[in-house]
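Data first, discussion second: the structure below is written as C-alpha coordinates.
Naming: A, B, ... by sequence-line order, numbering from 1 per chain.
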Number of protein chains: 2
Amino acid sequence: MALEHALLIALREQPASGLELAKRFERSIGFFWSATHQQIYRVLGRMDGDGWVGVTEVAQVGRPQKKVYAVTALGEEALADWLGRPTHTDGLRSELALKMRGASFGDRGAVLDVVRAHLADHAVRLDHYRQLMKRDYPEPAALSGLDLDHYLVLRGGILTEETWIAWLGEYLEAHA
Amino acid sequence: MALEHALLIALREQPASGLELAKRFERSIGFFWSATHQQIYRVLGRMDGDGWVGVTEVAQVGRPQKKVYAVTALGEEALADWLGRPTHTDGLRSELALKMRGASFGDRGAVLDVVRAHLADHAVRLDHYRQLMKRDYPEPAALSGLDLDHYLVLRGGILTEETWIAWLGEYLEAHA
DNA sequence: CCACCCTATGCAACGAGTTGCAATACCTGT
DNA sequence: ACAGGTATTGCAACTCGTTGCATAGGGTGG
(Lines give C-alpha, C1' and ligand atoms only; values in the text may rest on other atoms or scores of the structure.)
Protein backbone atom coordinates (compact mmCIF):
# COMPACT_ATOMS: atom_id res chain seq x y z
CA MET A 1 0.00 0.00 0.00
CA ALA A 2 3.04 2.24 0.00
CA LEU A 3 4.11 2.35 -3.61
CA GLU A 4 1.50 5.01 -4.22
CA HIS A 5 3.07 7.18 -1.58
CA ALA A 6 6.57 6.47 -2.79
CA LEU A 7 5.46 7.75 -6.18
CA LEU A 8 3.83 10.81 -4.64
CA ILE A 9 7.10 11.66 -2.89
CA ALA A 10 9.09 11.12 -6.08
CA LEU A 11 6.66 13.25 -8.09
CA ARG A 12 6.68 16.05 -5.56
CA GLU A 13 10.43 16.10 -5.73
CA GLN A 14 10.16 16.28 -9.51
CA PRO A 15 7.27 15.55 -11.92
CA ALA A 16 8.14 12.73 -14.29
CA SER A 17 6.88 10.07 -16.70
CA GLY A 18 6.47 6.42 -15.82
CA LEU A 19 9.76 5.36 -17.31
CA GLU A 20 11.65 8.22 -15.69
CA LEU A 21 10.21 7.17 -12.35
CA ALA A 22 11.27 3.60 -12.99
CA LYS A 23 14.81 4.77 -13.64
CA ARG A 24 14.81 6.95 -10.55
CA PHE A 25 13.60 4.00 -8.53
CA GLU A 26 16.61 2.02 -9.65
CA ARG A 27 18.71 4.70 -8.00
CA SER A 28 18.01 6.68 -4.87
CA ILE A 29 14.41 5.90 -3.90
CA GLY A 30 14.64 2.29 -4.95
CA PHE A 31 17.38 1.67 -2.37
CA PHE A 32 14.60 0.99 0.07
CA TRP A 33 11.53 0.69 -2.14
CA SER A 34 11.95 -0.92 -5.54
CA ALA A 35 9.35 -1.27 -8.28
CA THR A 36 9.26 -2.37 -11.89
CA HIS A 37 7.95 -0.10 -14.63
CA GLN A 38 4.85 -2.25 -15.16
CA GLN A 39 3.82 -1.82 -11.60
CA ILE A 40 4.55 1.88 -11.71
CA TYR A 41 2.37 2.32 -14.78
CA ARG A 42 -0.49 0.47 -13.18
CA VAL A 43 -0.31 2.46 -9.97
CA LEU A 44 0.03 5.75 -11.84
CA GLY A 45 -3.13 4.86 -13.72
CA ARG A 46 -4.98 4.21 -10.50
CA MET A 47 -3.71 7.39 -8.90
CA ASP A 48 -4.80 9.34 -11.96
CA GLY A 49 -8.25 7.81 -11.59
CA ASP A 50 -8.30 8.80 -7.94
CA GLY A 51 -7.31 12.35 -8.78
CA TRP A 52 -4.04 12.18 -6.86
CA VAL A 53 -1.98 13.07 -9.92
CA GLY A 54 -2.56 14.89 -13.19
CA VAL A 55 -1.14 13.99 -16.58
CA THR A 56 0.37 16.15 -19.30
CA GLU A 57 1.30 14.64 -22.63
CA VAL A 58 4.69 15.94 -23.67
CA ALA A 59 6.14 15.65 -27.17
CA GLN A 60 9.83 14.96 -27.45
CA VAL A 61 12.31 15.37 -30.30
CA GLY A 62 13.52 12.08 -31.68
CA ARG A 63 11.50 10.08 -29.17
CA PRO A 64 7.95 8.92 -28.57
CA GLN A 65 5.61 11.16 -26.67
CA LYS A 66 5.62 10.73 -22.91
CA LYS A 67 3.09 11.33 -20.14
CA VAL A 68 4.39 13.51 -17.37
CA TYR A 69 2.65 13.12 -14.05
CA ALA A 70 2.41 15.75 -11.33
CA VAL A 71 0.82 15.64 -7.90
CA THR A 72 -2.55 17.39 -7.45
CA ALA A 73 -3.77 19.15 -4.32
CA LEU A 74 -5.72 16.00 -3.49
CA GLY A 75 -2.55 13.95 -3.83
CA GLU A 76 -0.64 16.34 -1.60
CA GLU A 77 -3.30 15.92 1.02
CA ALA A 78 -3.21 12.13 0.77
CA LEU A 79 0.57 12.16 1.10
CA ALA A 80 0.61 14.49 4.10
CA ASP A 81 -2.03 12.36 5.77
CA TRP A 82 -0.10 9.14 5.17
CA LEU A 83 3.16 10.62 6.41
CA GLY A 84 1.75 11.25 9.85
CA ARG A 85 -0.01 7.92 10.26
CA PRO A 86 1.73 5.30 12.39
CA THR A 87 3.33 2.41 10.50
CA HIS A 88 3.94 -1.16 11.49
CA THR A 89 7.60 -1.89 12.01
CA ASP A 90 8.67 -3.88 8.99
CA GLY A 91 10.10 -7.25 9.90
CA LEU A 92 13.19 -8.57 8.25
CA ARG A 93 12.58 -10.84 5.28
CA SER A 94 15.83 -12.47 4.33
CA GLU A 95 16.21 -15.60 2.31
CA LEU A 96 19.90 -15.58 3.10
CA ALA A 97 19.28 -15.67 6.85
CA LEU A 98 17.11 -18.69 6.21
CA LYS A 99 19.93 -20.44 4.38
CA MET A 100 22.40 -19.56 7.11
CA ARG A 101 20.09 -21.02 9.69
CA GLY A 102 19.46 -24.20 7.74
CA ALA A 103 22.98 -24.75 6.44
CA SER A 104 23.27 -27.99 8.43
CA PHE A 105 20.65 -29.59 6.18
CA GLY A 106 22.62 -29.15 2.97
CA ASP A 107 26.15 -28.74 1.71
CA ARG A 108 27.67 -26.22 4.09
CA GLY A 109 30.41 -25.29 1.65
CA ALA A 110 27.79 -24.34 -0.92
CA VAL A 111 25.97 -22.16 1.60
CA LEU A 112 29.21 -20.45 2.51
CA ASP A 113 29.71 -19.68 -1.18
CA VAL A 114 26.26 -18.10 -1.29
CA VAL A 115 27.13 -16.05 1.78
CA ARG A 116 30.41 -14.94 0.21
CA ALA A 117 28.57 -13.82 -2.92
CA HIS A 118 26.20 -11.71 -0.83
CA LEU A 119 29.11 -10.27 1.11
CA ALA A 120 30.74 -9.17 -2.14
CA ASP A 121 27.45 -7.71 -3.32
CA HIS A 122 26.99 -5.69 -0.16
CA ALA A 123 30.56 -4.44 -0.41
CA VAL A 124 29.80 -3.12 -3.89
CA ARG A 125 26.66 -1.40 -2.66
CA LEU A 126 28.46 0.13 0.28
CA ASP A 127 31.13 1.48 -2.02
CA HIS A 128 28.45 2.92 -4.28
CA TYR A 129 26.68 4.63 -1.40
CA ARG A 130 29.92 6.06 -0.08
CA GLN A 131 30.68 7.55 -3.45
CA LEU A 132 27.23 9.13 -3.58
CA MET A 133 27.83 10.48 -0.12
CA LYS A 134 31.16 12.02 -1.00
CA ARG A 135 29.81 13.48 -4.24
CA ASP A 136 26.46 14.82 -3.04
CA TYR A 137 26.90 15.58 0.64
CA PRO A 138 30.48 16.60 1.36
CA GLU A 139 29.26 19.05 4.01
CA PRO A 140 26.48 17.29 5.96
CA ALA A 141 26.39 19.84 8.76
CA ALA A 142 25.16 22.51 6.34
CA LEU A 143 22.10 20.58 5.12
CA SER A 144 18.44 21.19 5.87
CA GLY A 145 14.99 20.29 4.60
CA LEU A 146 14.77 17.91 1.68
CA ASP A 147 18.53 17.59 1.29
CA LEU A 148 18.99 16.75 4.94
CA ASP A 149 16.39 13.99 4.69
CA HIS A 150 17.97 12.56 1.58
CA TYR A 151 21.33 12.57 3.30
CA LEU A 152 19.92 10.84 6.37
CA VAL A 153 18.28 8.13 4.32
CA LEU A 154 21.51 7.54 2.46
CA ARG A 155 23.17 7.27 5.87
CA GLY A 156 20.69 4.52 6.63
CA GLY A 157 21.72 2.70 3.49
CA ILE A 158 25.36 2.89 4.50
CA LEU A 159 24.69 1.72 8.04
CA THR A 160 22.61 -1.16 6.69
CA GLU A 161 25.31 -2.31 4.28
CA GLU A 162 27.97 -2.05 6.97
CA THR A 163 25.82 -4.21 9.20
CA TRP A 164 25.37 -6.86 6.52
CA ILE A 165 29.10 -6.93 5.93
CA ALA A 166 29.83 -7.26 9.65
CA TRP A 167 27.22 -9.98 10.09
CA LEU A 168 28.21 -12.09 7.10
CA GLY A 169 31.83 -11.64 8.11
CA GLU A 170 31.04 -13.06 11.54
CA TYR A 171 29.25 -15.99 9.95
CA LEU A 172 32.14 -16.82 7.64
CA GLU A 173 34.62 -16.37 10.47
CA ALA A 174 32.70 -18.74 12.72
CA HIS A 175 32.62 -21.38 9.99
CA ALA A 176 36.19 -20.90 8.83
CA MET B 1 9.16 -18.82 -3.06
CA ALA B 2 11.00 -19.30 0.22
CA LEU B 3 8.26 -20.03 2.72
CA GLU B 4 8.30 -23.65 1.63
CA HIS B 5 11.96 -23.87 2.47
CA ALA B 6 11.53 -22.01 5.73
CA LEU B 7 8.97 -24.65 6.69
CA LEU B 8 11.27 -27.46 5.60
CA ILE B 9 13.99 -26.08 7.85
CA ALA B 10 11.59 -25.69 10.75
CA LEU B 11 10.23 -29.21 10.27
CA ARG B 12 13.68 -30.73 10.06
CA GLU B 13 14.56 -29.05 13.31
CA GLN B 14 11.36 -30.50 14.80
CA PRO B 15 8.22 -32.00 13.20
CA ALA B 16 5.14 -29.98 14.06
CA SER B 17 1.54 -29.12 13.22
CA GLY B 18 0.49 -26.04 11.30
CA LEU B 19 -0.39 -24.03 14.36
CA GLU B 20 2.78 -25.02 16.17
CA LEU B 21 4.74 -23.82 13.18
CA ALA B 22 2.85 -20.55 13.19
CA LYS B 23 3.76 -20.04 16.83
CA ARG B 24 7.39 -20.91 16.19
CA PHE B 25 7.40 -18.41 13.34
CA GLU B 26 6.31 -15.71 15.73
CA ARG B 27 9.48 -16.41 17.66
CA SER B 28 12.86 -17.44 16.31
CA ILE B 29 12.38 -18.18 12.62
CA GLY B 30 9.88 -15.42 12.12
CA PHE B 31 12.45 -12.82 13.12
CA PHE B 32 13.49 -12.80 9.50
CA TRP B 33 10.66 -14.69 7.79
CA SER B 34 7.16 -14.21 9.09
CA ALA B 35 4.00 -15.99 7.98
CA THR B 36 0.41 -16.25 9.13
CA HIS B 37 -1.18 -19.59 9.95
CA GLN B 38 -3.44 -19.45 6.90
CA GLN B 39 -0.50 -19.17 4.60
CA ILE B 40 1.33 -21.93 6.46
CA TYR B 41 -1.65 -24.27 6.10
CA ARG B 42 -1.90 -23.60 2.42
CA VAL B 43 1.79 -24.18 1.79
CA LEU B 44 1.82 -27.29 3.96
CA GLY B 45 -1.01 -28.65 1.84
CA ARG B 46 0.91 -27.98 -1.34
CA MET B 47 4.08 -29.52 0.06
CA ASP B 48 2.11 -32.58 1.08
CA GLY B 49 0.79 -32.84 -2.46
CA ASP B 50 4.34 -32.54 -3.80
CA GLY B 51 5.54 -35.27 -1.46
CA TRP B 52 7.95 -33.00 0.39
CA VAL B 53 6.32 -33.70 3.75
CA GLY B 54 4.23 -36.48 5.29
CA VAL B 55 1.32 -36.11 7.71
CA THR B 56 0.42 -37.99 10.86
CA GLU B 57 -2.85 -37.30 12.63
CA VAL B 58 -2.24 -37.07 16.35
CA ALA B 59 -4.97 -37.19 19.00
CA GLN B 60 -4.54 -34.95 22.04
CA VAL B 61 -6.08 -34.95 25.48
CA GLY B 62 -8.43 -32.06 26.07
CA ARG B 63 -7.74 -30.61 22.62
CA PRO B 64 -8.74 -31.17 19.02
CA GLN B 65 -6.73 -33.56 16.92
CA LYS B 66 -3.74 -32.12 15.12
CA LYS B 67 -1.79 -33.00 11.98
CA VAL B 68 1.91 -33.34 12.53
CA TYR B 69 4.07 -32.82 9.47
CA ALA B 70 7.53 -34.28 8.91
CA VAL B 71 9.96 -33.88 6.03
CA THR B 72 10.27 -36.75 3.56
CA ALA B 73 13.42 -37.82 1.71
CA LEU B 74 12.14 -35.88 -1.29
CA GLY B 75 11.73 -32.80 0.87
CA GLU B 76 15.22 -33.17 2.26
CA GLU B 77 16.53 -33.27 -1.26
CA ALA B 78 14.59 -30.18 -2.28
CA LEU B 79 15.88 -28.32 0.76
CA ALA B 80 19.50 -29.31 0.23
CA ASP B 81 19.24 -28.26 -3.39
CA TRP B 82 17.74 -24.88 -2.52
CA LEU B 83 20.33 -24.18 0.16
CA GLY B 84 23.17 -24.29 -2.34
CA ARG B 85 21.50 -22.23 -5.05
CA PRO B 86 22.53 -18.59 -5.35
CA THR B 87 20.01 -16.04 -4.09
CA HIS B 88 19.35 -12.49 -5.15
CA THR B 89 20.39 -10.00 -2.52
CA ASP B 90 17.18 -8.81 -0.93
CA GLY B 91 16.68 -5.08 -1.21
CA LEU B 92 15.47 -3.04 1.70
CA ARG B 93 11.74 -2.39 1.77
CA SER B 94 11.03 0.17 4.42
CA GLU B 95 7.95 2.30 4.65
CA LEU B 96 9.59 4.26 7.44
CA ALA B 97 12.54 5.22 5.25
CA LEU B 98 10.02 6.50 2.75
CA LYS B 99 8.39 8.68 5.38
CA MET B 100 11.74 9.97 6.57
CA ARG B 101 12.64 10.91 3.03
CA GLY B 102 9.33 12.63 2.35
CA ALA B 103 8.90 14.32 5.72
CA SER B 104 9.11 17.76 4.10
CA PHE B 105 5.78 17.15 2.37
CA GLY B 106 3.80 16.71 5.55
CA ASP B 107 3.85 17.61 9.21
CA ARG B 108 7.44 16.99 10.24
CA GLY B 109 6.53 16.73 13.90
CA ALA B 110 4.12 13.91 13.11
CA VAL B 111 6.80 12.06 11.15
CA LEU B 112 9.21 12.46 14.03
CA ASP B 113 6.60 10.88 16.28
CA VAL B 114 6.35 7.94 13.92
CA VAL B 115 10.13 7.63 13.97
CA ARG B 116 10.18 7.74 17.76
CA ALA B 117 7.58 4.97 17.91
CA HIS B 118 9.73 2.79 15.67
CA LEU B 119 12.78 3.56 17.73
CA ALA B 120 10.99 2.40 20.86
CA ASP B 121 9.82 -0.72 19.05
CA HIS B 122 13.32 -1.60 17.93
CA ALA B 123 14.62 -1.04 21.44
CA VAL B 124 12.10 -3.57 22.73
CA ARG B 125 13.13 -6.08 20.10
CA LEU B 126 16.80 -5.57 20.82
CA ASP B 127 16.18 -6.14 24.49
CA HIS B 128 14.25 -9.30 23.68
CA TYR B 129 17.02 -10.65 21.46
CA ARG B 130 19.66 -9.88 24.08
CA GLN B 131 17.71 -11.81 26.67
CA LEU B 132 17.44 -14.77 24.33
CA MET B 133 21.15 -14.52 23.74
CA LYS B 134 21.99 -14.49 27.42
CA ARG B 135 19.59 -17.34 28.15
CA ASP B 136 20.37 -19.66 25.24
CA TYR B 137 23.94 -18.92 24.23
CA PRO B 138 25.95 -17.84 27.27
CA GLU B 139 29.01 -19.61 25.88
CA PRO B 140 29.13 -18.85 22.11
CA ALA B 141 32.67 -20.13 21.64
CA ALA B 142 31.56 -23.65 22.50
CA LEU B 143 28.83 -23.89 19.84
CA SER B 144 28.80 -25.88 16.61
CA GLY B 145 26.41 -27.18 13.97
CA LEU B 146 22.76 -26.23 14.30
CA ASP B 147 23.26 -24.30 17.54
CA LEU B 148 26.07 -22.25 16.08
CA ASP B 149 23.89 -21.28 13.12
CA HIS B 150 21.00 -20.33 15.36
CA TYR B 151 23.35 -18.22 17.43
CA LEU B 152 24.76 -16.50 14.37
CA VAL B 153 21.33 -15.67 13.00
CA LEU B 154 20.31 -14.25 16.36
CA ARG B 155 23.50 -12.18 16.20
CA GLY B 156 22.21 -10.84 12.90
CA GLY B 157 18.97 -9.85 14.55
CA ILE B 158 20.85 -7.98 17.25
CA LEU B 159 23.13 -6.22 14.77
CA THR B 160 20.10 -5.24 12.70
CA GLU B 161 18.22 -3.78 15.65
CA GLU B 162 21.30 -1.91 16.82
CA THR B 163 21.61 -0.42 13.35
CA TRP B 164 18.00 0.70 13.30
CA ILE B 165 18.43 2.34 16.68
CA ALA B 166 21.60 4.11 15.60
CA TRP B 167 20.02 5.27 12.35
CA LEU B 168 16.76 6.54 13.81
CA GLY B 169 18.77 8.18 16.56
CA GLU B 170 20.79 10.06 13.97
CA TYR B 171 17.60 11.13 12.25
CA LEU B 172 16.01 12.46 15.41
CA GLU B 173 19.26 14.13 16.42
CA ALA B 174 19.54 15.89 13.08
CA HIS B 175 15.97 17.19 13.37
CA ALA B 176 16.15 18.10 17.05
C1' DC C 1 -27.07 -25.70 30.06
C1' DC C 2 -25.54 -21.77 27.78
C1' DA C 3 -22.34 -18.25 26.57
C1' DC C 4 -17.82 -17.63 25.86
C1' DC C 5 -13.05 -18.60 24.90
C1' DC C 6 -9.14 -21.41 23.19
C1' DT C 7 -7.09 -24.76 19.93
C1' DA C 8 -6.83 -26.34 15.37
C1' DT C 9 -7.77 -26.42 10.55
C1' DG C 10 -9.29 -24.39 6.57
C1' DC C 11 -11.81 -21.44 2.51
C1' DA C 12 -12.53 -17.31 -0.32
C1' DA C 13 -11.54 -12.92 -1.85
C1' DC C 14 -8.51 -9.47 -2.39
C1' DG C 15 -4.20 -6.70 -3.12
C1' DA C 16 0.61 -6.41 -4.12
C1' DG C 17 4.39 -7.69 -6.94
C1' DT C 18 6.68 -10.41 -10.78
C1' DT C 19 7.24 -12.19 -15.42
C1' DG C 20 6.50 -12.39 -20.07
C1' DC C 21 4.87 -10.33 -23.87
C1' DA C 22 2.82 -6.72 -27.12
C1' DA C 23 2.31 -2.23 -29.48
C1' DT C 24 3.83 2.01 -31.00
C1' DA C 25 7.16 5.67 -32.14
C1' DC C 26 11.41 6.93 -33.60
C1' DC C 27 16.35 6.40 -34.73
C1' DT C 28 20.51 4.23 -37.22
C1' DG C 29 22.98 1.24 -40.38
C1' DT C 30 23.02 -1.29 -44.64
C1' DA D 1 13.45 0.08 -48.09
C1' DC D 2 14.30 -2.81 -44.50
C1' DA D 3 16.34 -4.76 -40.23
C1' DG D 4 17.54 -3.91 -35.80
C1' DG D 5 17.73 -1.11 -31.64
C1' DT D 6 15.82 1.90 -28.02
C1' DA D 7 12.17 4.56 -25.67
C1' DT D 8 7.58 4.49 -23.98
C1' DT D 9 3.44 2.69 -22.65
C1' DG D 10 0.70 -1.01 -21.58
C1' DC D 11 -1.92 -5.94 -21.00
C1' DA D 12 -2.45 -10.64 -19.06
C1' DA D 13 -1.36 -14.28 -16.18
C1' DC D 14 0.70 -15.77 -12.32
C1' DT D 15 2.52 -16.13 -7.42
C1' DC D 16 2.79 -14.44 -2.84
C1' DG D 17 0.81 -12.68 1.17
C1' DT D 18 -3.08 -10.56 3.92
C1' DT D 19 -7.74 -10.19 5.74
C1' DG D 20 -11.95 -11.82 7.04
C1' DC D 21 -14.56 -15.46 7.92
C1' DA D 22 -16.09 -20.52 8.79
C1' DT D 23 -16.07 -24.89 11.20
C1' DA D 24 -15.37 -28.07 14.78
C1' DG D 25 -13.66 -29.95 19.28
C1' DG D 26 -13.14 -29.04 23.82
C1' DG D 27 -12.83 -26.40 28.18
C1' DT D 28 -14.66 -23.00 31.89
C1' DG D 29 -17.69 -19.77 34.46
C1' DG D 30 -22.25 -18.16 35.61
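Distance check, rounded to the nearest 0.5 Å: OG of B:Ser17 to OH of B:Tyr41 gives 6.0 Å. A distance of 9.5 Å separates CZ in A:Arg116 from CG in A:Leu119, rounded to the nearest 0.5 Å.
Between B:Tyr41 and C:dG10 there is no side-chain polar atom (N or O) within less than 4.0 angstrom of OP1 or OP2.
For residues 26-37 of chain B, the set of pairs meeting the side-chain hydrogen bond (donor to acceptor under 3.5 Å, both in side chains) definition, not counting sequence neighbours, comprises A:Arg93-B:Ser34.
Of all heavy-atom pairs between B:Glu76 and B:Arg12, the closest is CG-NH1, 3.7 Å.
Using cut-offs of 30° and 60° for the angle between ring planes, the B:Phe31 and B:His128 rings count as perpendicular. Under the 30°/60° scheme for interplanar angles, the aromatic rings of B:His122 and B:Trp164 are found to lie parallel. The aromatic rings of B:Tyr151 and B:Tyr137 sit perpendicular, their planes meeting at an angle over 60°, well past the 30° parallel limit.
You'll find the side chain of A:Leu44 reaches within 4.5 Å of the side chain of A:Leu21, heavy atoms only. Looking at A:Leu79 and A:Val71, their side chains never come closer than 4.5 Å, going by heavy atoms from C-beta outward. Taking the side chain as every heavy atom from C-beta outward, B:Leu98 and A:Trp82 approach each other to under 4.5 Å.
In summary, contact between chain A and DNA chain D, defined as any nucleotide atom under 4.0 Å from a heavy atom of the protein, begins and ends at D:dA7 to D:dG17 in the 5' to 3' direction.
Between the NZ atom of B:Lys67 and the P atom of C:dT9 there is a distance of 8 Å, given to the nearest Å. For B:Ile40 and C:dA8, the CD1 to P distance is 13 Å, given to the nearest whole Å.
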Contact string for nucleotides 24-30 of chain C, one letter per nucleotide 5' to 3', B = base within protein heavy-atom range under 4.0 Å, S = sugar-phosphate only, - = neither, reads -BSS---

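Of the possible donor and acceptor atoms, one in the side chain of B:Arg24 sits under 3.5 Å from a partner among the backbone N and O of B:Ala10.
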Hey, what are the protein-to-nucleotides 17-19 of chain C N/O distances that come in under 3.5 Å?
unit_1, atom_1, unit_2, atom_2, d
C:dG17, OP1, B:Arg93, NH1, 3.0
C:dG17, OP2, A:Gln39, NE2, 2.7
C:dG17, O5', A:Gln39, NE2, 3.3
C:dG17, N7, A:Arg42, NH1, 3.4
C:dT18, OP2, A:Gln39, OE1, 3.4
C:dT18, O4, A:Arg42, NH2, 2.6

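Every salt bridge (charged side-chain N to carboxylate O under 4.0 Å, His left out) that A:Arg108 has, sequence neighbours left out, goes to B:Asp149.
For CD of A:Glu77, the number of neighbouring non-hydrogen atoms (other residues, nucleotides, ligands) closer than 6.0 Å is 12 at most.
Residues of residues 8-31 of chain A having a heavy atom closer than 4.0 Å to DNA chain C: none are found.
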